[in-house]
Amino acid sequence: MRRRACEAPRTGSVLLTLATSPGMFRSGAFLAEQLGDLRDEQVQPNGVDLTLGAVFEQTSPGRIERDGKTIGDRRELTPAETDDGELYRLQPGGYVVRYAERIAIPEEHVGFLYPRSSLLRNSCMLDTAVWDAGYEGRGEGLLEVHHEIELEPGARIAQLVLAGADHEGTYDGSYQGEHL
Ligand SMILES: O=c1ccn([C@H]2C[C@H](O)[C@@H](COP(=O)(O)OP(=O)(O)OP(=O)(O)O)O2)c(=O)[nH]1
């Protein structure tokens, strides 16, 4: 049974009550079942870890207009061959990263992506946006590097969580089906 906010008990924490109600945030196991094809270590209690698929440096300006947008050109970086295998060695700056996993946000849900805390602890940040119901593709984010870091291709860098959500229509934007 779904509980409306106004029906939440007055004792205890309302936030805690809502966050644990059925239909709110789904478990990592539930999301993993939707996505399939994940390594065991990617499945977390509350979400699924996404891994580093590709890294790009933007090379020309983009544009956001009132009606429409242009994404700037970019250059894909090649990881260095090291004694420890392939590594991206990233100097401070901003990089567009593409996640390796094919994401599909089921209807009646919305996705939120967070950086892995080890990135933050290494002076890096991943900036992310909303994952709409019905979106399918391999998405992208902005990696801010504030101190040089080495990242292995396929390393876990982010965690996707899925929440139950009302919506009208499903995602039909320009990124639908990207990089599949
Ligand atoms: O960090 C994120 C967040 C979302 N997405 C995916 C899922 C989302 O559904 C889709 C579109 O995002 P958004 O709606 O923010 O794109 P937009 O800039 O508004 O473009 P459009 O209007 O073409 O959708 O991109 C990402 O790749 N990275």
Side-chain angles (χ1 to χ4, degrees), residues 23-28 30-39 42-44 46-77 79 88 90 92-146 149 151-180:
M24 296 298 285
F25 283 86
R26 310 303 301 253
S27 69
F30 174 87
L31 177 52
E33 207 172 288
Q34 307 298 310
L35 302 183
D37 199 21
L38 298 168
R39 304 196 304 264
Q42 287 179 260
V43 185
Q44 301 294 335
N46 298 103
V48 158
D49 284 344
L50 302 190
T51 65
L52 184 59
V55 182
F56 304 88
E57 233 173 7
Q58 188 158 342
T59 55
S60 75
R63 178 186 291 188
I64 309 269
E65 299 156 305
R66 285 195 294 273
D67 187 14
K69 78 251 182 206
T70 307
I71 303 302
D73 295 326
R74 45 173 70 173
R75 169 176 86 85
E76 182 168 358
L77 302 190
Y88 292 103
L90 302 178
Y95 301 85
V96 175
V97 292
R98 182 175 302 152
Y99 310 106
E101 289 70 27
R102 179 190 176 122
I103 302 301
I105 304 296
E107 292 191 24
E108 310 298 329
H109 290 83
V110 60
F112 302 104
L113 189 64
Y114 294 92
R116 191 172 166 193
S117 88
S118 297
L119 273 184
L120 312 181
R121 297 166 203 264
N122 273 313
S123 307
C124 294
M125 178 61 186
L126 193 57
D127 299 307
T128 68
V130 170
W131 298 67
D132 303 280
Y135 166 86
E136 285 187 47
R138 287 189 172 82
E140 297 183 337
L142 172 64
L143 177 65
E144 294 176 30
V145 174
H146 295 287
I149 189 169
L151 294 176
E152 187 177 13
R156 293 178 291 119
I157 56 170
Q159 182 168 176
L160 181 67
V161 299
L162 194 62
D166 291 336
H167 56 89
E168 287 186 17
T170 53
Y171 182 69
D172 190 25
S174 58
Y175 303 112
Q176 184 62 296
E178 62 181 335
H179 313 302
L180 290 180

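Whatever order the structure lists them in is the order used to number ligands and atoms, beginning at 1. Numbers for residues simply follow the sequence, beginning at 1. Both backbone and side-chain heavy atoms feed into the values below; hydrogens, waters and symmetry mates do not.
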In the structure I gave you, are the side-chain heavy atoms of [X] and [Y] within less than 4.5 Å of one another anywhere?
X: H179; Y: E140; value: yes
X: L52; Y: P153; value: no
X: V48; Y: L162; value: no
X: L77; Y: E57; value: yes
X: L151; Y: V55; value: no

Is the count of non-hydrogen atoms from other residues, nucleotides or ligands lying under 6.0 Å from E65 atom CD greater than 12?
-> yes
#### Entry: More than 12 heavy atoms of other groups within 6.0 Å of R121 CZ
no
| message | With salt bridge (Lys or Arg N to Asp or Glu O under 4.0 Å) as the criterion, how do R26 and E33 come out once you've worked through the C-alpha distance, each side chain's angles and the decisive distance to 0.1 Å? | response | CA-CA 11 Å; R26 310 303 301 253; E33 207 172 288; over 6 Å; no
Filtering I105, V130, D172, I71 for the heavy atom nearest atom 4 (C) of ligand 1 leaves V130
The option among E136, R98, R138, E140 carrying the non-hydrogen atom nearest to atom 26 (C) of ligand 1 is E140
Out of all atoms in ligand 1, which are within 4.0 Å of some heavy atom of [X]? Include the element for each.
X: T128; value: 1 (O)
X: G139; value: 27 (O)
X: G173; value: 23 (O), 24 (O)
X: S174; value: 21 (P), 23 (O)

Q. Can an N or O of D127 be found at a distance shorter than 3.5 Å from an N or O of ligand 1?
A. no
N or O contact, K69 vs ligand 1, cut-off under 3.5 Å: yes
Provide, to 0.1 Å, the distance between [atom] and the closest protein heavy atom, together with that atom's residue and name.
atom: atom 11 (C) of ligand 1; answer: Y171 OH, 3.4 Å
atom: atom 1 (O) of ligand 1; answer: A129 N, 2.8 Å
atom: atom 17 (P) of ligand 1; answer: Y175 CE1, 4.0 Å
atom: atom 25 (O) of ligand 1; answer: Y135 CE1, 4.0 Å
atom: atom 13 (P) of ligand 1; answer: D132 OD2, 4.4 Å

Check: Quick one: does L113 get a heavy atom under 4.0 Å from ligand 1?
Finding: no
- [ ] Using modelled atom types only, decide if a donor and an acceptor are shared between the side chain of T128 and the backbone of G141 within a distance under 3.5 Å.
- [x] no
**Study point:** Under 3.5 Å: donor-acceptor pair, side chain of Q176, backbone of Y171
**Key:** yes
- Query: Is atom 19 (O) of ligand 1 less than 4.0 angstrom from at least one protein heavy atom?
  - Reply: no
